[in-house]
Amino acid sequence: MTLYGVGLGPGEADLVTVRGKEILENADVVYSPGRLSRTVALKHVDESKIGDLDFPMTRDEEKLRAAWKEAAAEIAPNARDGDVAFVTLGDPNVYSTFGHLRRTIDAFHTEVELEIVPGVSAVTAFATAMGVEIEAGAGLSLREAASGASPTGPDRMILFKVTDAPATHEGLVEAGYDVTYGRRLFMEQGETIVTDDPEEIDERDYYTLAYAEKESLEVEQATAAFLEEDDADDATANDGNSSGEPVADGGEVVALEHAEGCEGGDCGGHR
């Protein structure tokens, strides 16, 4: 039998993946490490299936190790006899508490089978929430910015755990970045805020991130030329195709896409 680490996504219950939902519905027990993940899980499973785990809010490594050993000892017998799930917001392998449990299970309960079900992470969800496009070929760095830290260097950064936005903002602006902040993006719990004013989110909140982009960054996209075309250009392009059918249809490019299984543009960035 198996212990599944299930990513619940950023917080809205309908952003759980189809596979994640199936695992939760079929699991014998669903363990939750906190109130927010429990709230999301309850949208997919009955409360009688929820197993709560207690983890102390401390930096004391001895106490934390003891708590994870206790959690592993609670979960392992059920994972040997049936299927259980451990849920976490976001993705189980990205800034997640599941990593601690996995390592503890590996160390003390080697007989337990493990499988990870990825979830939608703030790493990708932030772009939609903030209206940002990270185009193909762009560099993007993931950094942590707890307690007012202002990491710099790359042209584009996603900063997690922005718990002192004004202090972080000061350092980033001095380094030449434009910054947008997002709090509780795609979360049903609490108020969602998107702003470029750090004073709007000056109170501490673990679920705050920032997108920082160098002010001097220039991106020239090939498709930007479409915005410069006027009606006269469109009319000229249509003159050679009175039937209204796409000119490229049946041509070499389309034929190649069909041959490679790319019909409809599904190849995307995999070329």
Side-chain angles (χ1 to χ4, degrees), residues 1-125 142 144 146 160-161 184-190 206-207 209:
M1 301 301 180
T2 305
L3 165 62
Y4 294 92
V6 179
L8 296 176
E12 292 183 355
D14 59 356
L15 288 178
V16 175
T17 66
V18 173
R19 177 159 175 74
K21 180 178 176 64
E22 291 175 349
I23 294 296
L24 295 180
E25 291 174 345
N26 293 322
D28 300 301
V29 186
V30 176
Y31 288 100
S32 167
R35 178 176 56 84
L36 295 182
S37 57
R38 188 180 195 275
T39 300
V40 178
L42 282 172
K43 299 293 181 67
H44 301 282
V45 299
D46 188 83
E47 189 169 11
S48 62
K49 291 176 61 174
I50 298 290
D52 292 315
L53 298 170
D54 183 30
F55 300 111
M57 296 295 293
T58 178
R59 293 182 179 273
D60 188 311
E61 292 187 357
E62 286 296 328
K63 290 182 179 179
L64 289 171
R65 280 193 289 266
W68 284 108
K69 286 180 70 174
E70 184 177 337
E74 159 76 19
I75 293 171
N78 290 321
R80 284 194 297 266
D81 298 334
D83 288 335
V84 303
F86 181 95
V87 297
T88 177
L89 292 179
D91 184 278
N93 276 342
V94 181
Y95 282 89
S96 168
T97 55
F98 181 73
H100 298 294
L101 177 64
R102 177 182 56 77
R103 287 186 289 272
T104 308
I105 289 287
D106 285 343
F108 297 101
H109 306 278
T110 56
E111 75 284 1
V112 173
E113 295 290 332
L114 286 162
E115 183 175 327
I116 295 175
V117 180
V120 177
S121 170
V123 174
T124 52
L142 176 64
E144 185 173 324
F160 278 85
K161 303 180 183 179
R184 296 185 175 250
L185 304 177
F186 294 104
M187 295 184 70
E188 296 176 347
Q189 309 85 3
Y206 178 86
Y207 297 104
L209 56 77

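Salt bridge status for E47 with R38: present, with a side-chain N to carboxylate O gap under 4.0 Å.
More than 12 heavy atoms of other shown residues, nucleotides or ligands fall within 6.0 angstrom of atom CD in E115. Other residues, nucleotides and ligands contribute more than 12 heavy atoms inside 6.0 Å of the CD atom of E25.
K21 contributes no side-chain N or O that, together with a main-chain N or O of D14, makes up a donor-acceptor pair within less than 3.5 Å. Between the D91 side chain and the V120 main chain, no donor and acceptor come within less than 3.5 Å of each other. In this structure, the side chain of R184 engages the main chain of Q189 through a donor-acceptor pair within 3.5 Å. Checked by atom type and distance alone, the side chain of S96 never pairs as donor or acceptor with a backbone atom of N93 at under 3.5 Å.
Every residue meeting the salt bridge (charged side-chain N to carboxylate O under 4.0 Å, His left out) condition with K43, not counting sequence neighbours, appears here in chain and number order: E188.
Going from atom CG of L185 over to atom CD of E12 covers 10.0 Å, rounded to the nearest 0.5 Å. For the atom pair CZ of R103 and CD1 of I105, the computed distance is 12.5 Å after rounding to the nearest 0.5 Å. A distance of 12.5 Å separates OH of Y31 from NZ of K49, quoted to the nearest 0.5 Å. Note: T97 OG1 to H100 NE2 = 7.0 Å, rounded to the nearest 0.5 Å. To the nearest 0.5 angstrom, D46 atom CG is 13.0 Å from L24 atom CG. For the atom pair OH (Y206) and OH (Y95), the distance works out to 9.0 Å, reported to the nearest 0.5 Å.
Minimum interatomic distance between F55 and P33 (heavy atoms only, all atoms of both residues): CE1-CB, 3.5 Å. Taking each heavy atom of P92 and G5 in turn, the nearest pair found is CG-O, 3.5 Å. Nearest heavy atom pair, residue D83 against residue T2, reads OD1-N, 3.1 Å. The nearest pair of heavy atoms linking F160 to A122 is CE2-CB, 3.9 Å.
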Q: For L36 and L8, run side-chain contact (heavy atoms from CB on, under 4.5 Å): C-alpha distance rounded to whole Å, both residues' side-chain angles, the deciding distance at 0.1 Å, then the answer.
A: CA-CA 10 Å; L36 295 182; L8 296 176; over 6 Å; no

Q. Does the pair S37 and T88 meet the rule for a side chain to side chain donor-acceptor pair (under 3.5 Å), with working shown?
A. CA-CA 6 Å; S37 57; T88 177; over 6 Å; no

(Q) What verdict does the side-chain contact (heavy atoms from CB on, under 4.5 Å) test give for V84 and I75, after you've listed the backbone C-alpha separation in whole Å, the side-chain angles of each residue and the deciding distance to 0.1 Å? (A) CA-CA 8 Å; V84 303; I75 293 171; 4.0 Å; yes

Q) Between N78 and D28, does a side-chain contact (heavy atoms from CB on, under 4.5 Å) hold up when you go through it step by step? A) CA-CA 8 Å; N78 290 321; D28 300 301; over 6 Å; no

Q: Under the side-chain contact (heavy atoms from CB on, under 4.5 Å) rule, what do V30 and H44 come out as? Steps first, then yes or no, please.
A: CA-CA 10 Å; V30 176; H44 301 282; over 6 Å; no

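The shortest side-chain heavy-atom distance between F86 and L114 does not fall under the 4.5 Å cut-off. Counting heavy atoms from C-beta outward, M1 and D81 have side chains that stay 4.5 Å or more apart. The shortest side-chain heavy-atom distance between P10 and L15 falls under the 4.5 Å cut-off. Counting only heavy atoms from C-beta outward, the side chains of L3 and H109 never approach each other to under 4.5 Å.
Of the listed residues (R59, R65, K63), just one forms a side-chain contact (heavy atoms from CB on, under 4.5 Å) with E61, and that residue is R65.
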